[in-house]
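Report on one structure; see the data block that follows.
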Amino acid sequence: MDDSTRKELTAWLEFYQELGIEGFYRRETVAVGAPPSPASAQPSEPAAAPPKQAPPREPTTGVATSAPRPAALKPATFPTPPTMVVRPPAASFNLFEAAPAPRTGPETLERIREDLGDCRRCKLAPTRRNIVFGVGNPHAELVFIGEGPGADEDEQGLPFVGRAGKLLNRMMQAVGIEREDVYICNVVKCRPPENRTPEKDEVDACSPFLYRQIEAIKPRLICCLGAPAVRTVLGIKEGITKIRGRFYEFGSAKALATVHPAYVLRNPREEKILREDFEKIRDFLKGR
Ligand code: SF4
């Protein structure tokens, strides 16, 4: 092997090492016209020697890749190995299958739930019983977003099934909205201990899934129930009693802030403001 071939080969070997491929073999050379050897009649092994062509090109976007081009590598001095086989690190490894396949098609709630999996992304995971993903019409015009699951929700894996949920149902019935027609979820999908307010790191970990849910459903109206939902969806930090009952822009949808039903359970005299806001929701959906 002449010096320049050796250098080129060395550069390629270092390039593959950068990719985690460490074993190589050299295929037996068969003279033209000679009968094939038994070994060469077997299904072909992955080609080991790099093709005589330009090494892989970096993307033209100007973004650097982690694997440098072979030509830029310093030639190594290890001897030519007796055999060269591209040996994958794992039996099923394939260099081109290692990268996750790009996803196509529209976002769906099923896909988001699948991506959430048995989530352990924040410190609420160890104490939850069930992930409360959300429930309802996947094409709902109206999405309700609460703060987080309580004890009943954690137990059943469904949002708004406790006392606050019953009040929510009553408010919907009062203005002629069917629960099956809406979608209901929370800012965080696991119950905070003692029903405390979700903390910032928990909201940061969980809210990307909420945004994806909204994107998948594409509602006309989002109703934020309580301050944590308002902060997460609208980024508004003012007190809920100051901003409730108003409509805000949220992309191509509108968002309405109102009090959480649990707040009304603690302050029964405030039920009328929740009722007022539900009447605004009804009027908006009817185009009034
Ligand atoms: S609250 Fe959300 S981010 Fe945290 S563990 Fe549960 S599903 Fe995962």
Side-chain angles (χ1 to χ4, degrees), residues 100-103 105-140 142-169 179 182-219 221-237 240 248 250-251 253 255-263 265-266:
R103 286 186 145 183
E107 183 78 284
T108 64
L109 293 173
E110 291 77 17
R111 181 181 280 184
I112 300 163
R113 182 65 189 87
E114 196 181 304
D115 288 347
L116 190 64
D118 182 31
C119 184
R120 308 258 149 204
R121 291 171 179 85
C122 84
K123 61 184 184 297
L124 295 181
T127 52
R128 70 158 185 248
R129 297 186 67 151
N130 284 297
I131 290 177
V132 182
F133 180 69
V135 72
N137 182 344
H139 308 293
L142 172 61
V143 170
F144 286 105
I145 300 173
E147 176 177 322
D152 294 316
E153 289 76 16
D154 184 43
E155 179 75 31
Q156 298 183 41
L158 293 168
F160 283 89
V161 289
R163 287 177 64 226
K166 288 189 173 61
L167 177 55
L168 180 69
N169 291 349
R179 182 157 169 145
V182 306
Y183 192 85
I184 306 175
C185 55
N186 285 301
V187 169
V188 292
K189 314 220 176 295
C190 300
R191 182 191 181 199
E194 311 301 325
N195 293 349
R196 64 161 169 75
T197 302
E199 292 173 0
K200 184 178 180 306
D201 57 322
E202 296 155 0
V203 172
D204 288 348
C206 210
S207 55
F209 295 96
L210 171 66
Y211 300 136
R212 286 180 63 189
Q213 285 173 294
I214 296 171
E215 171 61 24
I217 298 166
K218 297 192 173 21
L221 181 62
I222 298 160
C223 179
C224 300
L225 299 165
V230 172
R231 266 200 305 276
T232 304
V233 175
L234 299 172
I236 298 173
K237 292 184 181 155
I240 187 71
Y248 297 87
F250 186 87
L256 176 99
T258 191
V259 294
H260 195 286
Y263 168 81
L265 290 175
R266 292 192 300 272

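Ligands are counted one by one from 1 in listed order, and the atoms in each one are counted from 1 as well.
- Each of V233, T232, L234 was checked for a side chain to side chain contact (heavy atoms under 4.5 Å, CB included) with I236, and the lone residue meeting it is L234.
- Residue pairs meeting the side-chain hydrogen bond (donor to acceptor under 3.5 Å, both in side chains) criterion with at least one partner in residues 192-201, sequence neighbours excluded, are K123-E199, K123-D201, R191-N195, R196-E202, K200-D204.
- Contact annotation: the side chain of Y248 never approaches that of C224 to less than 4.5 Å [non-hydrogen atoms, C-beta and beyond].
- Among residue pairs with one or both ends in residues 151-163, those qualifying as salt bridge (Lys or Arg N to Asp or Glu O under 4.0 Å) are R129-E155; sequence neighbours excluded.
- Residue contact check: R128 has heavy atoms under 4.0 Å from atoms 5 (S), 6 (Fe) of ligand 1.
- Atom 4 (Fe) of ligand 1 has C122 SG as protein N, O or S atoms under 2.8 Å away.
- Within the structure, salt bridge (Lys or Arg N to Asp or Glu O under 4.0 Å) contacts touching residues 222-234 (residues at least two apart or in different chains) do not occur.
- For the pairing with Q213, the side-chain hydrogen bond (donor to acceptor under 3.5 Å, both in side chains) check across K189, R113, E107 returns one residue only, K189.
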